[in-house]
Engineer: 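Before I ask anything, let me first share the structure, which is written out below as structure tokens.
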Amino acid sequence: LMQGGLPRQAETNIQQAQMASRGLDKSRLKEQRTDLLSQANSRTQTQQRTQPVKVEKKVDIKTIDSVMLSYFGRYMASRNLKFRLDIPQTLSYEIISEGITKLKKQFPKVNILNQRNTTFLLQEINWIKDCLYREEEEYQEADRKGMIKRGSEGKPQRLQKNSDTRKAIFELMRFYDSKIQNQGLICFGDMRFMALEQIKKEANLKYTHIVIDESQDLTRSQLLFLREVYCGKEYSSIGFIADTAQNIYPQSWLGTGHS
């Protein structure tokens with residue numbers, strides 16, 4: 001060793017060695033940082049694959065009757081009722097035929113009580129139910145185009161208001177109801193009425209925006225149900241897509257000119 005410290009060359013070598021050491025440390029730190037980031041990304045990707053992403057459901061695509069059925073179920077549960085909707089068509093016609101025979105004795109002058117009119121009479125009963133006419137007086141005063149053809153001309157015949165004809169049809173509906181309910185059955189018209197009664201008491205889910213396709217086929221009960229399920233905010237909207245030329249259901253409300 002020499003007085004005054006290390007020789008200049010030795011100091012230079014030491015400085016270079018220290019710088020190399022620091023550079024090596026920085027390199028190692030950089031490698032460690034890269035490894036940590038890689039491991040973190042790997043864990044995140046694994047979590048994304050194994051944990052489902054929660055996405056809020058904002059759109060429902062349903063038929064109106066499927067929504068009404070849920071409220072119909074609640075209506076029955078709250079009253080301890082048990083009805084089935086699967087009424088065989090053959091059974092419906094058998095009951096209508098039996099009712100015609102029975103009521104013809106009570107209304108001998110009502111020509112519509114004829115076995116040839118079973119299809120129309122069943123359709124008329126379904127129309128009464130979907131219009132929510134629960135009392136005979138309501139049906140007697142309702143505007144209604146009949147589907148019976150008059151003679152060979154084939155022209156539609158209106159069912160006269162406040163007539164024995166309408167009274168006989170309403171009595172036939174009561175007979176039909178008692179028969180099917182005794183067998184634990186119920187028709188869609190009564191199901192919709194019960195669903196409407198239930199949603200007025202508890203509307204669990206309301207929609208801010210509603211678009212209805214094929215709305216020319218909606219019945220009065222379905223339209224009133226839509227009003228109950230509609231949110232009705234200032235920014236809400238409801239749209240009806242309809243083609244009255246395609247109206248094929250006799251129970252239709254809008255399709256028969258009602259508003």
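Index from 1, following the sequence. In this text the structure is predicted, and so the values were computed from the model without any measurement.
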Engineer: At what distance, to the nearest 0.5 angstrom, does CG of L121 lie from CD1 of I100?
Structural biologist: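 If I round to the nearest 0.5 Å, the distance is 5.0 Å.
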Engineer: Tell me the closest heavy-atom pair linking K129 and G189, and the distance in Å.
Structural biologist: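 What the structure gives for the nearest pair is CB-CA, 4.0 Å.
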Engineer: We want to know whether Y230 and T208 form a side-chain donor-acceptor pair, criterion being a heavy-atom distance below 3.5 angstrom.
Structural biologist: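 No pair is found: no donor N or O on one side chain lies under 3.5 Å from an acceptor on the other.
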Engineer: Determine the minimum heavy-atom distance between N111 and N114, stating which atoms define it.
Structural biologist: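 The pair with the smallest heavy-atom distance is O-CB, 3.7 Å.
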Engineer: Could you give the distance from CD1 (I180) to SG (C187), rounded to the nearest 0.5 Å?
Structural biologist: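 Answer for the CD1-SG pair, I180 versus C187, is 5.0 Å.
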Engineer: Go through the side-chain N and O atoms of Q140 and E138 and say whether any donor and acceptor fall under 3.5 Å apart.
Structural biologist: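 The criterion, which ignores hydrogens and geometry beyond distance, is not satisfied for E138 and Q140.
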Engineer: Check whether more than 12 heavy atoms from other residues, nucleotides or ligands sit under 6.0 Å from atom CD of E202, and answer yes or no.
Structural biologist: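 Result for CD/E202: enclosed.
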Engineer: Below 4.5 Å, heavy atoms only, C-beta onward: do T101 and L113 meet side chain to side chain?
Structural biologist: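 Contact flag for T101/L113 side chains = no.
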Engineer: Please, which pairs that meet ring-ring contact (aromatic ring centres under 6.0 Å, His included) have at least one residue in residues 60-98, sequence neighbours excluded?
Structural biologist: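 Residue pairs with at least one partner in residues 60-98: Y71-F225.
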Engineer: Under the side-chain contact (heavy atoms from CB on, under 4.5 Å) rule, what do Y139 and L159 come out as? Steps first, then yes or no, please.
Structural biologist: CA-CA 11 Å; Y139 176 55; L159 298 175; 3.7 Å; yes
Engineer: For the NZ atom on K161, are there more than 12 heavy atoms of other groups (residues, nucleotides or ligands in this structure) within a distance under 6.0 Å?
Structural biologist: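 Counting other residues, nucleotides and ligands, NZ of K161 exceeds 12 neighbours.
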Engineer: As an exercise, state the distance from CD1 of I95 to CG of L122, rounded to the nearest 0.5 Å.
Structural biologist: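 Nearest 0.5 Å value for the CD1-CG distance: 9.5 Å.
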Engineer: Looking only at non-hydrogen atoms, find the nearest pair between A242 and Q216 and report the distance.
Structural biologist: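 Heavy-atom minimum between the residues: CA-OE1, 3.3 Å.
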Engineer: Within the 3.5 Å criterion, strictly below it, is a donor on Q160 or T165 matched to an acceptor on the partner's side chain?
Structural biologist: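 No, no side-chain donor-acceptor pair sits under 3.5 Å.
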Engineer: Is a side-chain donor or acceptor of D190 paired with a backbone partner of I186 at a separation under 3.5 angstrom?
Structural biologist: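 Pair absent, no side-chain N/O of D190 close to backbone of I186.
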Engineer: To the nearest 0.5 Å, what is the distance between CZ (R227) and CD1 (I199)?
Structural biologist: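 The distance works out to 11.5 Å.
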Engineer: Taking only Lys NZ, Arg NE, NH1 and NH2, and the carboxylate oxygens of Asp or Glu, determine whether E228 and K206 approach each other closer than 4.0 Å.
Structural biologist: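 So E228 does not pair with K206 through a salt bridge.
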Engineer: Got a sec, which pairs hit ring-ring contact (aromatic ring centres under 6.0 Å, His included) with one end in residues 180-208, sequence neighbours left out?
Structural biologist: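 Sorted pair list comes back empty.
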Engineer: Within a radius of less than 6.0 Å around CZ of R116, do more than 12 heavy atoms belonging to other residues, nucleotides or ligands occur?
Structural biologist: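 At most 12 heavy atoms, drawn from other residues, nucleotides or ligands, come within 6.0 Å of this atom.
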Engineer: Measure the CD-CE distance between E136 and M173 for me, rounded to the nearest 0.5 Å.
Structural biologist: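 The CD atom of E136 sits 9.0 Å away from the CE atom of M173.
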Engineer: Does the side chain of I169 come within less than 4.5 Å of V110's, by heavy atoms?
Structural biologist: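 They are not in contact (no side-chain heavy atoms under 4.5 Å apart), so the answer is no.
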Engineer: Mark yes when over 12 heavy atoms from residues, nucleotides or ligands other than R174 sit less than 6.0 Å from its CZ; otherwise mark no.
Structural biologist: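 Yes, because the 6.0 Å sphere around CZ of R174 holds more than 12 heavy atoms from other groups.
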Engineer: For atom NZ of K104, is the number of surrounding heavy atoms from other residues, nucleotides or ligands below 6.0 Å larger than 12?
Structural biologist: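 Yes - once you tally the heavy atoms of other residues, nucleotides and ligands closer than 6.0 Å, there are more than 12.
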Engineer: If you define the side chain from C-beta out and look only at heavy atoms, does anything of R74 sit under 4.5 Å from N204?
Structural biologist: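 Yes, their side chains come closer than 4.5 Å.
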Engineer: Are the side chains of S221 and L224 in touch, meaning some heavy atoms are under 4.5 Å apart?
Structural biologist: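 Not in contact.
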Engineer: Just how far is it from atom CD of E214 to atom CD1 of I64, taken to the nearest 0.5 Å?
Structural biologist: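 Reported to 0.5 Å precision, the distance equals 14.5 Å.
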Engineer: So do M191 and D65 actually touch side chain to side chain, heavy atoms under 4.5 Å?
Structural biologist: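 Yes; the side chains approach each other to less than 4.5 Å.
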Engineer: Between D130 and R192 (salt bridge meaning N to carboxylate O under 4.0 Å), is one present in this structure?
Structural biologist: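 Salt bridge flag = yes for R192 with D130.
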Engineer: Would you say Y235 ends up clustered with V229 if hydrophobic residues are merged whenever their side chains have heavy atoms under 4.5 Å apart, either directly or through other cluster members?
Structural biologist: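 Different hydrophobic clusters.
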Engineer: Could you check if a side-chain atom of F175 sits within less than 4.5 angstrom of a side-chain atom of F170, using non-hydrogen atoms only?
Structural biologist: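 Not in contact.
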Engineer: Would you sort out whether L205 and V67 count as a side-chain contact (heavy atoms from CB on, under 4.5 Å), showing the intermediate values?
Structural biologist: CA-CA 10 Å; L205 178 63; V67 181; over 6 Å; no
Engineer: Report yes if the side chains of R166 and E171 come closer than 4.5 Å at any heavy-atom pair, otherwise no.
Structural biologist: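 The answer is no; the side chains never approach within 4.5 Å.
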Engineer: Applying salt bridge (Lys or Arg N to Asp or Glu O under 4.0 Å), can you list everything that pairs with E94, at least two apart in sequence or on another chain?
Structural biologist: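 E94: no salt bridge (Lys or Arg N to Asp or Glu O under 4.0 Å) contacts found.
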Engineer: Find out if a path of hydrophobic residues (ILVMFWY) with successive side-chain heavy-atom gaps under 4.5 Å connects L226 to I241.
Structural biologist: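 No; I241 is not reachable from L226 via cluster members.
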Engineer: Taking S178's backbone N and O only, do any of them form a donor-acceptor pair with Q181's side chain (distance below 3.5 Å, no angle check)?
Structural biologist: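 Absent.
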Engineer: Determine whether I238 and V211 fall in the same hydrophobic cluster, where Ile, Leu, Val, Met, Phe, Trp and Tyr are linked whenever their side-chain heavy atoms lie under 4.5 Å apart.
Structural biologist: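 I238 does not cluster with V211.
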Engineer: For the pair K109 and D164, find out whether any cationic side-chain nitrogen is under 4.0 Å from an anionic carboxylate oxygen.
Structural biologist: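 Salt bridge: no.
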Engineer: How close do S92 and I87 get, heavy atom to heavy atom, and via which atoms?
Structural biologist: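 Here S92 and I87 meet closest at OG-CG2, 3.3 Å.
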Engineer: Does any part of the side chain of I125, heavy atoms only, come nearer than 4.5 Å to the side chain of I96, both counted from C-beta?
Structural biologist: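 When only atoms from C-beta onward are counted, I125 and I96 do touch, with a gap below 4.5 Å.
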Engineer: Short question: side chain of S66, backbone of K62 - any donor-acceptor pair under 3.5 Å?
Structural biologist: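 Such a contact is absent between S66 side chain and K62 backbone.
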Engineer: Can you name the closest pair of heavy atoms from M68 and A195 and give their distance?
Structural biologist: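 Reported closest heavy-atom pair: O-CB, 3.2 Å.
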